[in-house]
Amino acid sequence: MRLSMIWVSAILGCAAFLAHAEGDPEKGQELAGLCAGCHGEDGNSQVPLFPKLAGQHPAYLTKQLMEFKSQKRAETTMTAMAEPLSVEDMRDLAAFYGRQKGHIETGDPHPLGQKLYNAGNAAAGIPACSGCHGPKGRGNPTAGFPSLSGQHAAYTEKALHHFKAGERQNDMNGMMRAIASKLGDSEMTELAEYISTLQ
Ligand code: HEC
Ligand code: HEC
């Protein structure tokens with residue numbers, strides 16, 4: 001075998017391994033039939049309390065499914081849904097949803113939410129959300145910061161309340177619990193409305 005051929009096969013071998021680690025979106029699409037009733041055919045849910053999954057980072061989605069199953073993120077409905085899934089199923093589902101395009105909501109501008117999102121509030125000890133979730137809300141897959149842009153405001157607001165109350169405890173080092181504990185109700189509403197239109 002020529003040296004270049006060895007390189008080509010080594011590269012193809014790595015690509016196959018990575019594709020597997022990332023999950024198979026076609027298998028994921030078949031499994032996603034189980035989820036469509038709440039999250040929509042392509043992960044753009046119609047019901048504001050059910051989060052959009054479309055366009056979310058696959059590694060974040062897989063983490064959430066594993067943690068619903070282990071009840072590190074305890075939530076009755078999703079724990080029941082994740083219970084029968086293998087890690088491979090979770091990766092396949094995550095690969096499918098990650099490839100879909102998330103719908104961004106339209107609505108009035110939310111200047112207070114926008115300001116808090118981009119600059120935080122130093123006096124109150126609230127960091128800028130954009131520091132981790134990015135100026136466009138696309139997050140950072142390597143760091144485990146989820147995409148927020150276009151998410152239903154009702155779900156985002158609920159998530160912030162859950163972090164604040166400690167009902168959701170699966171955030172690394174309690175990062176989101178520390179931040180949400182400093183947010184008031186109206187700030188959560190403003191942030192959630194702004195995030196739903198962010199792109
Ligand atoms: C009966 C409705 C219902 C069904 C069916 C359902 N889900 Fe969910 N899902 C929810 C709700 C409600 C939440 C929000 C839970 C919370 O408030 O913490 C959620 C949250 C999630 C999240 C977390 C999203 C995030 O942004 O953190 C993922 C991932 C998820 N579901 C995947 C799935 C998958 C995959 C399936 C199919 C195997 C599925 N769900 C089926 C209702 C449902
Ligand atoms: C230091 C980094 C950091 C900052 C700053 C930060 N977040 Fe987060 N956020 C995270 C991490 C990490 C998670 C994912 C936790 C997990 O793995 O479940 C997260 C998750 C979330 C979620 C849940 C998403 C979902 O789909 O369930 C919301 C909503 C959120 N953050 C909103 C905000 C808002 C609003 C701000 C600003 C007030 C903010 N975050 C600031 C790191 C951060």
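Whatever order the structure lists them in is the order used to number ligands and atoms, beginning at 1. In what follows, residues are counted from 1 in the order of the sequence shown.
Contact annotation: M176 places an N, O or S atom under 2.8 Å from atom 8 (Fe) of ligand 2. At a cut-off of 2.8 Å, H133 is counted among the residues with an N, O or S atom near atom 8 (Fe) of ligand 2. Distance check for M78 against atom 8 (Fe) of ligand 1: an N/O/S atom falls below 2.8 Å. When distances to atom 8 (Fe) of ligand 1 are checked against a cut-off of 2.8 Å, H39 contributes an N, O or S atom below that limit.
Using a 4.0 Å cutoff on heavy atoms, G37 does not count as a contact of ligand 1. Using 4.0 Å as the threshold, Y117 has no heavy atom nearer than that to any atom of ligand 2.
Contact annotation for C35 and ligand 1: heavy atoms of both the backbone and the side chain come within less than 4.0 Å of the ligand. Of the heavy atoms in C129, both backbone and side-chain atoms come closer than 4.0 Å to ligand 2. Proximity of L116 to ligand 2, defined as any heavy-atom pair under 4.0 Å, is not found for any part of the residue.
Protein heavy atom at the shortest distance from atom 18 (O) of ligand 1 is R73 NH2, 2.8 Å. Of the protein's non-hydrogen atoms, the one nearest atom 25 (C) of ligand 1 is Y155 OH, 3.4 Å.
Residue contacts with ligand 2: T156 is placed with no nitrogen or oxygen under 3.5 Å of a nitrogen or oxygen of the ligand (distance criterion only). The N/O atoms of K63, backbone and side chain alike, include one that comes under 3.5 Å of an N/O atom in ligand 2. Between Q56 and ligand 1, no pair of N/O atoms sits closer than 3.5 Å.
Every atom of ligand 1 with a heavy atom of L65 under 4.0 Å away is listed here by number and element: 32 (C), 35 (C).
Proximity of N170 to R168: side-chain heavy atoms (C-beta onward) are separated by under 4.5 Å at one or more points.
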